[in-house]
Amino acid sequence: MAEEGETTGEDKGKGMQEEIMQGARIKYIEHPSDVGFEVFGETLEEIFANAAIATFSFMTNVDEIEEEEEREVRLKAEDLCSLMFDWLDEMLFYFESESLVFKKFDIRVNDKDFSLEGKCIGGKFDPAKHSSGIIVKAVTYNMMEVRREDSLWKARVVLDV
């Protein structure tokens, strides 16, 4: 496993890999046909932001994206897993409909009524200008987890590619 701030050089989604990108703690997990990751944070806001960055990082190098677009997001769900699903589905919607990749988040997550609101900041993905990765088709509930473990929040997500 890589030390904080390093990568192992393995392909994302293949083997265990841990990265620090935009301050996000992400560990890529093995999955036979899709890609997955685990994210960690001290707050729910951190893991939701880290999950968005992990999702976008499969598609492009998030560090290359400019910060010139902002969108407001408001979501409400039945539980934390559903909220994570809806959040990442919303991120994929913005990528598909407007070619937007977000890299900074000012969000609030309420674990009592399972709601999220705030703003996402990023820029337009341009394949002529930005590196291209794999195409993420959808978020899945397969192996999904959102839970508090000791002093950290942790989420596991598998994406359909």
Side-chain angles (χ1 to χ4, degrees), residues 1-63 65 67 71-95 101-122 133-134 136-161:
M1 189 172 298
E3 293 298 316
E4 193 168 293
E6 297 180 60
T7 63
T8 63
E10 294 174 55
D11 292 334
K12 289 179 185 169
K14 296 185 178 161
M16 299 301 255
Q17 179 180 3
E18 200 168 322
E19 286 189 19
I20 303 297
M21 296 181 333
Q22 298 289 328
R25 187 169 181 97
I26 301 165
K27 182 167 91 176
Y28 295 95
I29 59 175
E30 290 185 40
H31 192 276
S33 60
D34 294 321
V35 295
F37 59 84
E38 291 179 345
V39 291
F40 309 88
E42 293 180 18
T43 65
L44 280 168
E45 289 78 8
E46 281 184 68
I47 66 165
F48 275 76
N50 291 349
I53 290 169
T55 300
F56 287 127
S57 74
F58 285 110
M59 300 183 281
T60 190
N61 181 347
V62 176
D63 293 330
I65 301 296
E67 296 174 28
R71 297 292 183 276
E72 294 285 328
V73 176
R74 282 189 173 76
L75 301 168
K76 189 156 173 52
E78 297 174 9
D79 55 40
L80 284 176
C81 283
S82 297
L83 188 60
M84 179 65 75
F85 181 98
D86 293 348
W87 164 249
L88 295 177
D89 193 50
E90 187 84 356
M91 297 299 101
L92 290 175
F93 171 78
Y94 279 115
F95 184 81
V101 173
F102 298 114
K103 60 192 278 184
K104 291 198 175 174
F105 305 89
D106 180 15
I107 56 174
R108 287 158 306 288
V109 180
N110 185 323
D111 63 343
K112 304 292 185 252
D113 71 354
F114 311 116
S115 64
L116 179 151
E117 66 178 53
K119 64 181 175 180
C120 306
I121 301 162
I134 59 176
V136 175
K137 293 190 265 182
V139 184
T140 73
Y141 278 105
N142 181 28
M143 296 173 51
M144 184 174 281
E145 231 179 43
V146 178
R147 64 187 166 106
R148 188 159 181 88
E149 191 172 277
D150 298 322
S151 63
L152 286 179
W153 281 95
K154 174 184 173 183
R156 180 187 305 134
V157 175
V158 173
L159 303 169
D160 182 24
V161 294

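Quick note: residue numbers are just sequence positions, from 1. Because the structure is predicted, anything quoted here is derived from the model rather than measured. Computed from heavy atoms alone, side chains included, the values below leave out hydrogens, waters and symmetry copies.
Among residues two or more places apart in sequence or in another chain, the salt bridge (Lys or Arg N to Asp or Glu O under 4.0 Å) test is passed with K137 by none. Shown here are the side chain to side chain contact (heavy atoms under 4.5 Å, CB included) partners of E45, two or more places apart in sequence or in another chain: T43, I107, R108, V109. The ring-ring contact (aromatic ring centres under 6.0 Å, His included) check on F37 picks up nothing, with sequence neighbours excluded. Every residue two or more places apart in sequence or in another chain that forms a side chain to side chain contact (heavy atoms under 4.5 Å, CB included) with F93 is listed here: S97. Remark: A138 engages D160 in a side chain to side chain contact (heavy atoms under 4.5 Å, CB included) (not counting sequence neighbours).
F105 and C120 get closest at one heavy-atom pair: CD2-SG, 3.7 Å. Nearest approach of V39 to A51, heavy atoms of both residues: CG1-N, 3.8 Å. Residues T55 and M59 share a closest heavy-atom pair of O-CE, 3.8 Å.
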Report the C-alpha distance between R71 and F102 in whole Å, list the side-chain angles of each, state the deciding distance to 0.1 Å, and finish with yes or no for side chain to side chain contact (heavy atoms under 4.5 Å, CB included). CA-CA 9 Å; R71 297 292 183 276; F102 298 114; 3.7 Å; yes

Trace of the side chain to side chain contact (heavy atoms under 4.5 Å, CB included) decision for W153 with D111: CA-CA 12 Å; W153 281 95; D111 63 343; 4.2 Å; yes

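Around CD of E42, the count of heavy atoms belonging to other residues, nucleotides or ligands within 6.0 Å does not exceed 12. Shown here is E78, whose CD atom has no more than 12 heavy atoms of other residues, nucleotides or ligands within 6.0 Å.
Formation of a donor-acceptor pair under 3.5 Å by the K154 side chain with backbone atoms of E38 is not found in this model. Listed for the D150 side chain is no donor-acceptor partner under 3.5 Å among the backbone atoms of L152. With K104 contributing its side chain and E67 its backbone, the two residues share no donor-acceptor pair below 3.5 Å.
Side chains of E149 and F40 form no contact here, defined as non-hydrogen atoms less than 4.5 Å apart. At a threshold of 4.5 Å between non-hydrogen side-chain atoms, the residues L44 and V146 count as touching.
K103 contributes atom NZ, which lies 8.5 Å from atom CG of N61 (distance to the nearest 0.5 angstrom). Between the CG atom of D34 and the CD1 atom of I29 there is a distance of 10.5 Å, given to the nearest 0.5 Å. Note that CD1 of I53 is 6.0 Å distant from CD1 of I26, once rounded to the nearest 0.5 Å. Atom CD of E46 is separated from atom CZ of R25 by 11.5 Å, given to the nearest 0.5 angstrom. Atoms CG and CG, on L159 and N142 in that order, are 10.5 Å from each other to the nearest 0.5 Å.
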Under 3.5 Å, which donor-acceptor pairs link side chains of residues 80-91 to any protein atom two or more places apart or in another chain?
from: S82; atom 1: OG; to: D79; atom 2: OD1; distance (Å): 2.9
from: W87; atom 1: NE1; to: F48; atom 2: O; distance (Å): 2.7

